[in-house]
Number of protein chains: 2
Amino acid sequence: MTSDAPSKDSAQLSPVELDAYFALIEVSSLVRHAVEQQLREAGDLSYVQFQLLATLGDSPAGSSRMTDLADGVVYSRSGLTYQAQLLEQRGLVTRAPSREDERSTTVTLTDAGRDVLAAVFPGHIAVLKELLFEPLSGGDVEALAGVLGRVRTHLRASPPRSAAPRRRKSSS
Amino acid sequence: MTSDAPSKDSAQLSPVELDAYFALIEVSSLVRHAVEQQLREAGDLSYVQFQLLATLGDSPAGSSRMTDLADGVVYSRSGLTYQAQLLEQRGLVTRAPSREDERSTTVTLTDAGRDVLAAVFPGHIAVLKELLFEPLSGGDVEALAGVLGRVRTHLRASPPRSAAPRRRKSSS
DNA sequence: TATTGTTATACTCTATAACTATA
DNA sequence: TATAGTTATAGAGTATAACAATA
């Protein structure tokens, strides 16, 4: 333990950092894969579609603008359009031009959409409990939420390189 | 905060669990996306290709059987063949039947493969430091590695649902 | 002119099933 | 018969660029 600092200078990652990085990739990868299967089987939803439905379900009116929906879920606008089309074709959402701003499209969760969401939730939670939370203590979960929350805040604040193709363009 | 225990029974996730889950997905998603871009720009590598090269680079002989390579990197055998073909076409790896077991294919990292790996590493590390580790203390990193390490162990031990199409079939 | 969203298109990746060959 | 790997093929998802419409 000579230098346990995060080593912001050296061009190397410390062994602990490597551990953390590899574990993060492997865990998120496996969990996501398992969750995707469950969603596919229980409701024929891709993960992105689930995220969109869940986001709509969280909003009070069950609706949202396309641009707001895109936040964090998708990396390109056309990708969002594509997924929204699929959801609309299945009758899980509705799309209509916003009255406030005719350029915007308001996406709204339908009753059928809520049904699918409800059909999928229990299994979704079961997978998470079994795969992610089963081996963790309450303290572990808090630590995880705390640390990852800090990273998330950092990521949201820092210039998203090109994660967000458009949107949030201050100067230029 | 009546029941802060991990709540292994109720069919709901606690607020902290939800936090941890969402943060995990968002962070891993953003980090991975950023890393993928860097790898693409610096060495024209997909993340899976990078993982394969890096795995080979870690092994003493710079070579490995296909099946061993697949571990954790890919979810189907054909997917691995596909990526290995791409790497071979670019001259970054070599494929040859193993002498010990003629059924096996031994994949070996070439000098060109090592070069690409070397070309890509610094930027890779830089992205991780900037995006993932920048806002974390040494203790944070250790906590992260510890908790995720525990989950990883759990995931590796538990029946991979169908993550591993073949391989590791005890009874049957 | 800037913003919102869609469309067309090309491409990457993944997965299932059928198949070959060796143990 | 079981294992290692490849092939064919089909489908899902993503991204870029060009486009239309509104602010």
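Just so you know, these numbers come straight off a predicted model, no measurement behind them. By convention in this document, chain letters (A, B, ...) are assigned in the order of the sequence lines, proteins followed by strands, and residues within each chain are numbered from 1. All values below were derived from every heavy atom in this structure, side-chain atoms included, with hydrogens, water molecules and symmetry-related copies excluded.
In this structure, B:E88 atom CD and D:dT6 atom C1' are separated by 12 Å, rounded to whole Å. Atom CD of A:E41 is separated from atom C1' of C:dA15 by 14 Å (rounded to the nearest Å). Per the geometry, CD belonging to A:Q37 stands 11 Å off C1' belonging to C:dA15, to the nearest Å. One can place CD of A:Q85 at 14 Å from C1' of C:dT9, the figure rounded to the nearest angstrom. Separating the OH atom of B:Y47 from the P atom of C:dT14 is a distance of 13 Å, rounded to the nearest angstrom. One can place CG of B:L80 at 12 Å from C1' of C:dT14, the figure rounded to the nearest angstrom. In this structure, the CG atom of A:L69 is 13 Å from the C1' atom of C:dT4, given to the nearest Å. Protein atom NE2 of A:H33 is 14 Å distant from nucleotide atom C1' of D:dG13, rounded to whole Å.
Taking the side chain of B:Q83 as heavy atoms from C-beta on, and the options C:dT14, D:dG13, C:dA18, the nearest nucleotide is C:dT14.
A donor-acceptor contact under 3.5 angstrom links the side chains of A:S104 and A:R65, judged on distance only.
If you take CG on B:L13 and CG on B:L18, they are separated by 5.0 Å, rounding to the nearest 0.5 Å.
Pairs passing the salt bridge (Lys or Arg N to Asp or Glu O under 4.0 Å) check and including a residue from residues 108-118 of chain A, sequence neighbours excluded, do not occur.
The base of D:dT14 does not come close enough to the side chain of A:S78 for any donor and acceptor atom to sit less than 3.5 Å apart.
Here A:R40 does not pair with A:E36 in a salt bridge; the nearest charged N to carboxylate O distance is not below 4.0 Å.
At a non-hydrogen distance threshold of 4.0 Å, B:D101, B:E102, B:R103 from residues 92-109 of chain B come into contact with DNA chain C.
Not a single side-chain hydrogen bond (donor to acceptor under 3.5 Å, both in side chains) links A:R152 to another residue, sequence neighbours left out.
The aromatic rings of B:F50 and B:Y47 lie tilted to each other, with the angle between the two planes from 30° to 60°.
Nearer to the 5' terminus of DNA chain D, by closest-nucleotide assignment, is the contact made by B:R65 (compared with the other of B:R65 and A:V73). Toward the 5' end of DNA chain D, the nearer of the two residues A:S46 and B:Y82, judged by each one's closest nucleotide, is B:Y82.
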Candidate pair A:R32 and B:S29, rule side-chain contact (heavy atoms from CB on, under 4.5 Å), full reasoning = CA-CA 10 Å; A:R32 174 119 177 201; B:S29 203; 4.2 Å; yes

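Of the side-chain N and O atoms in A:R40, none sit less than 4.0 angstrom from OP1 or OP2 of C:dT14.
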